[in-house]
Structures are given as structure tokens and as C-alpha cells.
Amino acid sequence: MVRRMFTMLAAAALVAALAPPAHAAVQGEVYVALGDSAASGPLVPNQVVPDLGCWRSDHNYAHLTAQAIGARTFRDVTCSGAKTKDMYESQGTDLGSVAPQLNALSQDTTLVTVQIGANDVGLTGFIEDCLNLLPPPVGDACNDDYIENGQDTWRLKTDALRPKLVTLAADIRARAPQARIFLVGYATYAPPNGCYPRVPIIRADANYIRATLMYFNRMLAEQAAAAGLRFIDLQTPSVGHDPCAAPGVRWIEPYVPAAPAAPFHPNALGMRNFATVVTAAVTAAVTAAVTAAVTAV
């Protein structure tokens with residue numbers, strides 16, 4: 001028994017010595033970033049010239065994460081306006097078409113982040129529809145516009161997205177079988193009760209937006225678990241940094257941005273903080289894999 005114990009300890013020590021440290025493993029990543037405008041960073045300096053119609057920033061969280069981990073290869077194909085179908089089909093932009101995003105994957109891809117689904121359910125249009133320059137009784141609340149036959153149509157659209165995400169996960173895995181895949185959630189867009197008139201969305205609508213986005217992120221987390229993906233929560237760390245927060249504090253700009261960013265999209269500060277969250281998740285996954293390899297000996 002003692003001899004066996006020493007043999008196991010010696011083997012574990014050898015594996016630990018030979019296994020690359022987590023940071024070294026991360027530095028060897030072949031990283032592909034997929035997603036929509038929440039990931040691409042429209043108007044955040046500096047916009048990448050190739051595929052300019054995608055409004056992709058070289059300081060979005062994917063670029064910053066790739067730099068932080070020292071990725072060996074990095075391909076960012078995130079594109080404003082992208083839906084799940086644009087993972088498979090060419091996407092039209094104001095400045096021409098771009099290739100299907102899944103084309104960026106390869107057999108040697110080791111890391112994938114994907115942030116998608118908001119455009120499938122019309123997130124940005126939904127928030128802008130709730131803008132109200134005049135409060136009731138002059139202005140109308142928007143939340144009841146989404147109730148039909150007693151059902152919340154926004155939630156129905158959210159639920160309809162579930163099987164598409166499971167299929168997408170399988171297709172990413174088929175094209176990149178070595179990759180660790182992370183499904184990225186969306187940030188906090190409204191605090192409780194909103195902040196009318198600073199952001200002209202009345203209390204009831206702000207609470208409706210908040211509740212529906214929480215439901216949407218919960219759906220993403222559930223589908224990530226169902227598909228065997230890792231989920232990255234951006235909603236929790238962005239609490240207090242929503243469009244109601246002061247400039248220099250908020251990570252998401254309001255309808256009239258004070259920093260270079262599209263309305264209701266991440267600014268540069270938000271992208272830096274999201275990169276911190278994503279980098280931590282990626283590094284933790286590598287550390288866990290190295291630890292598991294040593295423990296299995």
C-alpha cells in the first residue's frame with residue numbers, strides 16, 4: 001500500500017512537472033470569436049477596416065481577451081446585426097456581405113466564444129420601442145404591446161430560440177472538436193425602476209425590460225448547460241454599470257451615448273471589463289483541465 005502510494009505521488013509529480021502551466025496552455029490558443037453587435041463593439045475605437053459593415057472594434061472584449069491570454073491565432077468574425085442564421089449563411093451589411101461566421105472555425109481551433117440570439121428576438125428594437133419622451137398619461141407604456149392572448153410574445157420568441165442554440169453548439173463542436181466553447185450572456189440594460197427621464201423609459205417598462213432580459217440570460221445559461229457549453233455571465237458583473245449609471249461608470253451607453261458606442265451597446269470601458277470576465281473564465285477552464293489531468297494519474 002505504501003509503495004503504491006509513493007508510486008502514485010511520483011507519477012503525479014512527474015505529470016505536474018511535464019504539464020504546461022495554465023497560462024502557457026492558454027497562450028497556445030487558436031481563438032475564434034463569433035457573435036453580434038454586443039460582441040463586435042460598434043463605434044468603439046478603433047473600428048476594423050476589413051468587413052467595416054460589421055462595425056467591429058479592435059478593442060472589443062474578444063480582441064482584449066486574445067491579447068490578455070497571448071493567443072497564438074485569433075480570428076474575430078463578430079458582426080453587428082448577426083442572427084443565428086448568420087452563423088451558417090452569408091450576412092448582408094450596409095457595406096456588402098460577409099461570410100458565414102462558422103467558416104472561421106477549423107479543426108485546430110481550441111477556444112470559441114459566441115454571443116448570439118439578441119437579434120433573433122429583436123432586443124435592440126424592443127428597447128428602443130420602449131423609449132418614451134413623455135410619461136403617462138400622455139405617453140404609452142410599451143410592455144403591454146408584447147402581450148397577445150395572455151402570452152408574452154417576447155418570452156415565446158426567447159423559448160423558440162432554445163433548439164437553435166443546441167443545434168449551433170453541436171455544429172460548432174463538429175467543426176472545432178478540440179475547442180472549449182463559451183456561450184456569452186448579455187449585460188444589464190436597466191436597473192430596477194429605471195431612471196426616467198435620464199433614460200426615457202418609464203418605470204413599468206424598465207422593469208419589464210429588466211425581467212425579460214433576465215429571462216433571456218437564464219435561457220442562454222440553461223441551453224449552454226444542456227449543450228455542454230460553458231456559460232459566461234455578463235449580467236451580474238454589469239449591475240450598477242447599466243445605461244442609467246454616470247459616464248465613466250456605465251459600461252452600456254444609453255440612447256444618446258456620451259462615449260463612442262452605439263446606443264444600448266457596450267462602450268470601451270464595458271469592453272475592458274467584459275474582457276476581464278471572459279479572460280478569467282477562459283483561464284479558469286484551462287487551469288481546471290490541467291488539474292484534472294494531474295489528478296487522473
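Values reported hereafter were calculated over all heavy atoms of this structure, with side chains retained and with hydrogens, waters and symmetry mates removed.
Taking the side chain as every heavy atom from C-beta outward, S57 and P45 never approach each other to under 4.5 Å. Using a 4.5 Å heavy-atom threshold, the side chains of V286 and R180 count as touching. Counting heavy atoms from C-beta outward, L34 and I116 have side chains that stay 4.5 Å or more apart. Looking only at side-chain heavy atoms (C-beta outward), V184 and Y61 come within less than 4.5 Å of each other. In this structure the side chain of R175 reaches within 4.5 angstrom of the side chain of L102, judged on heavy atoms. Taking the side chain as every heavy atom from C-beta outward, T276 and T65 never approach each other to under 4.5 Å.
Although no hydrogens or angles enter the test, the distance criterion places a donor-acceptor pair under 3.5 Å between the side chain of T93 and the main chain of L95. Of the possible donor and acceptor atoms, none in the side chain of Q115 sits under 3.5 Å from a partner among the backbone N and O of G35. With T110 contributing its side chain and V30 its backbone, the two residues share a donor-acceptor pair below 3.5 Å. Formation of a donor-acceptor pair under 3.5 Å by the Q223 side chain with backbone atoms of P163 is not found in this model. Panel note: side chain T283, backbone T279; a donor-acceptor pair is recorded below 3.5 Å. Side-chain atoms of T113 do not come within 3.5 Å of backbone N or O of A33 as any donor-acceptor pair. Judged by distance alone, with hydrogens and angles left aside, the side-chain atoms of H241 form a donor-acceptor pair with the main-chain N or O of V249 at under 3.5 Å. A donor-acceptor pair is defined here as one N or O able to donate and one able to accept, closer than 3.5 Å; such a pair exists between the side chain of R198 and the backbone of C244. A donor-acceptor distance shorter than 3.5 angstrom exists from the side chain of N273 to the backbone of L269, with no hydrogens or angles considered. Looking only at distances, a side-chain donor or acceptor of N267 sits under 3.5 Å from a matching main-chain atom of G270.
Here the closest heavy-atom approach between residue N60 and residue A39 is recorded as CB-O, 3.2 Å. The heavy-atom pair separating C79 from V98 by the smallest distance is SG-CG2, 4.2 Å. Contact record, P254 with V199: CB-CG2, 3.9 Å, taken as the closest heavy-atom pair. Closest approach of C130 to I201, counting heavy atoms only: O-CG1, 3.8 Å. Contact record, Q235 with M214: OE1-CA, 3.5 Å, taken as the closest heavy-atom pair. The nearest pair of heavy atoms linking F216 to V121 is CE1-CG2, 3.9 Å.
We find that K157 and D120 are not joined by a salt bridge, their nearest charged nitrogen and carboxylate oxygen being 4.0 Å or further apart.
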Exercise for review: Evaluate the side-chain hydrogen bond (donor to acceptor under 3.5 Å, both in side chains) criterion for residues Y208 and D145: first the C-alpha distance (whole Å), next the side-chain angles of each, then the deciding distance (0.1 Å), finally the verdict.
Suggested key: CA-CA 11 Å; Y208 178 64; D145 294 343; over 6 Å; no

Exercise for review: Using the side chain to side chain contact (heavy atoms under 4.5 Å, CB included) rule, take T109 and E29 through it: C-alpha gap first, then chi angles, then the decisive distance, then the call.
Suggested key: CA-CA 8 Å; T109 300; E29 297 284 6; over 6 Å; no

Review point. Given Y189 and I127, is the side chain to side chain contact (heavy atoms under 4.5 Å, CB included) satisfied, shown in steps?
Key: CA-CA 9 Å; Y189 285 79; I127 295 176; 3.9 Å; yes

Point to revise | Criterion side chain to side chain contact (heavy atoms under 4.5 Å, CB included) on L168 and Y88, from CA distance to verdict | key: CA-CA 9 Å; L168 176 60; Y88 305 91; 3.7 Å; yes

Point to revise | Steps toward side chain to side chain contact (heavy atoms under 4.5 Å, CB included) verdict (D36, L123) | key: CA-CA 11 Å; D36 55 27; L123 172 61; over 6 Å; no

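There is a side-chain donor-acceptor pair under 3.5 Å between S106 and R75. For the residue pair D159 / Y215, a side-chain donor-acceptor distance below 3.5 Å is found, with atom types taken as modelled. Donor-acceptor pairing under 3.5 Å is recorded for the side chains of D129 and Y146. Defined by atom type and a distance below 3.5 Å, a donor-acceptor pair is missing between the side-chain atoms of S40 and S37. Under the 3.5 Å distance criterion, with hydrogens and angles disregarded, no donor-acceptor pair is assigned to the side chains of N46 and H59. Judged by distance alone, the side chains of E148 and T153 never bring a donor and an acceptor atom under 3.5 Å apart. No side-chain N or O of Y186 forms a donor-acceptor pair with one of D233 less than 3.5 Å apart.
Grouped by direct or indirect side-chain proximity (heavy atoms under 4.5 Å, Ile/Leu/Val/Met/Phe/Trp/Tyr only), V166 sits alone.
Taking hydrophobic clusters as Ile, Leu, Val, Met, Phe, Trp and Tyr residues chained together by side-chain heavy-atom distances below 4.5 Å, L161 shares a cluster with L229. With hydrophobic clusters built from ILVMFWY side chains whose heavy atoms lie under 4.5 angstrom apart, V77 does not share a cluster with V48. Residues L43 and I252 fall into different hydrophobic clusters, defined by Ile, Leu, Val, Met, Phe, Trp and Tyr side chains chained together at heavy-atom separations under 4.5 Å. Hydrophobic cluster membership differs between F274 and V44, with clusters built from Ile, Leu, Val, Met, Phe, Trp and Tyr side chains linked at under 4.5 angstrom. Under a hydrophobic-cluster definition in which Ile, Leu, Val, Met, Phe, Trp and Tyr are linked whenever side-chain heavy atoms come within less than 4.5 Å, directly or via other members, F264 and V256 are assigned to the same cluster.
For A258, the side-chain contact (heavy atoms from CB on, under 4.5 Å) partners at least two apart in sequence or on another chain are P247, R250, E253. For N143, the side chain to side chain donor-acceptor pair (under 3.5 Å) criterion is met by D205, not counting sequence neighbours.
Taking a 6.0 Å sphere around CG of D94, one finds it holds 12 or fewer heavy atoms contributed by other residues, nucleotides or ligands. For R155, the CZ atom sits in a packed shell: over 12 heavy atoms of surrounding residues, nucleotides or ligands are nearer than 6.0 Å.
Ring orientation note: the planes of F74 and Y31 are tilted relative to one another, at an angle of 30° to 60°. The aromatic rings of F126 and W154 are tilted relative to each other, their planes meeting at an angle between 30° and 60°.
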